[in-house]
Amino acid sequence: MKQLRYVENIAALKYNQNKCTGCEMCVKVCPRNVFVMEGKKAKVADHGACIECGACMVNCAYGAINVETGPGCAAAILGSKGGKAECGCGDDKNTGCCG
Amino acid sequence: MSENKDCCCGPAAKNDIKYIKIGCCCGAITKAGVLPRAGFNWNLSDRLGEIGVRLGFKRMEYAIAPGLYAVGKPDENSPVLVSANYKLSFDVLRRDAKIDAWVLVIDTKGVNVWCSAGKGTFCDAEIIKRIKETKLDTVVAHKNIILPLLSAPGVAAHEIRKQTGFKAVFGPVEARDIKKFIDNGMENDTAMKTVEFPLWRRVEVSWLEMLTAIDKAFWPFVIFAVISMIENNRFDFYAGFYRAFFYGGAALTGIVSGSVIFSMLLPYLPGRYFSVKGGLLGFVTAGAVLFAADAASMPSHMIKIPAFLLLSASLSAFTAMNFTGCTTFTSISGVKKEIKESLPFIIAGGAVAAALMITEIIMRWL
Ligand code: SF4
Ligand code: SF4
């Protein structure tokens with residue numbers, strides 16, 4: 001099945017190629033295949049698919065990637081009242097998400 | 001990220017979960033003691049448990065004790081798989097992977113992999129702690145552990161290696177691909193890395209969304225019904241009941257459209273915003289319901305019909321927007337943008353519908 005996509009060109013994903021050592025971790029961990037290798041460096045190939053999960057940032061040991069993460073969940077954002085959106089799973093008042 | 005790693009910072013997570021017991025008499029004897037053993041196949045209570053949590057029953061208490069488990073008949077060369085302590089995560093892993101393995105269950109407060117990684121409870125510090133606590137290095141003769149790919153947002157693999165010597169690799173999204181992953185020299189191909197969201201899974205999560213939304217809408221409608229029973233300064237049960245039935249039908253149409261029907265048609269609906277897709281769908285289904293009910297022949301249908309359509313469309317848009325949290329392809333920036341741009345329309349739609357409903361009641365009083 002073709003990959004479902006959401007709003008494009010908005011993900012807060014910043015990549016500094018100068019710091020990249022070519023370890024390929026970002027390519028391996030990204031569930032959306034945003035990164036690809038181009039020679040000895042990683043490259044952002046599909047920025048629009050990024051879901052801001054943070055996996056690439058957490059696993060880049062060289063600090064080349066920065067992304068603002070948070071749940072892509074309207075209920076969490078509306079419930080946060082301006083504060084940090086937290087996924088409700090784990091609370092008693094959780095909705096059906098996160099099965 | 002890895003500086004201030006306090007794993008147990010999950011908000012309001014339950015700490016007093018009673019763990020469900022795994023394994024029976026014949027534990028696995030290792031240098032680190034006798035470990036509980038589980039098979040690949042599910043027994044009746046595993047099956048009933050799954051049905052229960054899928055229906056939303058005690059979902060937050062479906063947890064097993066953290067620690068090291070033997071699945072099948074592993075030896076010192078068998079792979080080590082890391083799992084959340086949500087019992088369903090563990091059960092699906094042993095059933096679908098179907099390989100003799102050691103499973104290191106970490107404490108995610110009974111929450112599944114994707115969500116606990118997002119919350120920070122499925123994290124490298126917790127894995128490091130469990131590796132040391134279970135003396136994993138005495139149980140296996142190698143230095144590899146396999147993590148589910150969807151735990152990567154919470155786990156810095158290099159930290160685990162630095163602090164325990166174990167090389168953490170991210171395996172496939174689905175447990176059924178683990179054997180292929182290992183045979184492939186611990187590499188994923190693109191399909192094994194891709195998160196699928198097939199029909200049955202969409203419907204499964206939307207079902208709970210629907211129940212939650214109906215739950216929230218129930219009492220406001222009871223109140224509405226009672227208020228609208230006051231007719232011509234007397235209490236008219238039938239009129240109020242009929243009206244509540246009609247608009248309750250509108251609300252239900254909206255909720256069912258925005259959850260279950262929406263989830264089924266998700267890949268085919270136009271637009272990127274869930275609220276736009278949901279709103280359109282709610283409008284169309286409402287139109288179909290009105291047509292089937294021959295609404296044009298009802299008294300004061302010039303008010304009732306637009307109210308029905310708007311109520312259904314706005315509730316459907318809102319319910320669908322909440323479905324963003326059930327998917328794995330939305331982003332927080334995107335959802336914030338969607339909320340900013342759609343919520344005013346949803347609220348306006350709901351407000352106009354409410355105004356029409358009130359107008360209709362008042363007109364009957366005159
Ligand atoms: S993880 Fe970092 S260093 Fe490694 S390839 Fe990606 S950007 Fe480069
Ligand atoms: S934040 Fe997640 S989706 Fe976006 S590029 Fe990084 S790993 Fe991929």
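The structure displayed is predicted, hence computed values, not measured ones. Just so we're on the same page: letters track the sequence lines, and every chain starts at 1.
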**Asked** Taking C-beta and beyond as the side chain, do K193(B) and K28(A) meet within less than 4.5 Å on heavy atoms?
**Response** no
**Message:** I want to check something: taking the side chain as every heavy atom from C-beta on, are C73(A) and T330(B) in contact at a cut-off of under 4.5 Å?
**Reply:** no
Which portion of [X] sits near chain A, non-hydrogen atoms under 4.5 angstrom:
X       : result
F170(B) : side chain
S151(B) : neither
L150(B) : side chain
L343(B) : side chain
F323(B) : neither

**Item:** Heavy-atom contact with chain B under 4.5 Å, split by part of C50(A)
**Value:** backbone
**Item:** Contact origin within C60(A) toward chain B - heavy atom pairs under 4.5 Å
**Value:** backbone
Minimal non-hydrogen separation, [X] against [Y], with atom names:
X       : Y       : answer
A157(B) : N59(A)  : N-OD1, 2.8 Å
A152(B) : V29(A)  : CB-CB, 3.8 Å
P153(B) : C53(A)  : CB-O, 3.2 Å
P31(A)  : V195(B) : CB-CG2, 4.1 Å
K336(B) : I77(A)  : CG-CD1, 3.9 Å

**Fill in**
For T194(B), the side chain to side chain donor-acceptor pair (under 3.5 Å) test, sequence neighbours excluded, returns none
**Complete:** Assert top hit (heavy-atom pairs under 4.5 Å, partner chain A, pool R272(B), K337(B), M321(B)) equals R272(B)
So with a 6.0 Å cut-off around [atom1] of [X], is the heavy-atom count from everything else above 12?
X       : atom1 : value
F345(B) : CZ    : no
F318(B) : CZ    : no
Q17(A)  : CD    : yes

**Message:** When you measure from the side chain of E52(A) to the backbone of I332(B), do you find a donor-acceptor pair of N or O atoms at a distance under 3.5 Å?
**Reply:** yes
**Message:** Check the orientation of Y6(A) and F274(B). Use parallel for under 30°, tilted for 30 to 60°, and perpendicular for over 60°.
**Reply:** perpendicular
**Prompt:** So how far is it from E338(B) CD to I10(A) CD1, rounded to the nearest 0.5 Å?
**Reply:** 10.5 Å
**Request:** With side-chain contact (heavy atoms from CB on, under 4.5 Å) as the test, would you mind laying out the steps for N33(A) and T190(B) before giving the verdict?
**Result:** CA-CA 8 Å; N33(A) 302 310; T190(B) 315; 3.5 Å; yes
**Request:** Count the heavy-atom pairs under 4.5 Å between each of C30(A), G54(A), C56(A) and chain B, then report the option with the highest count.
**Result:** C30(A)
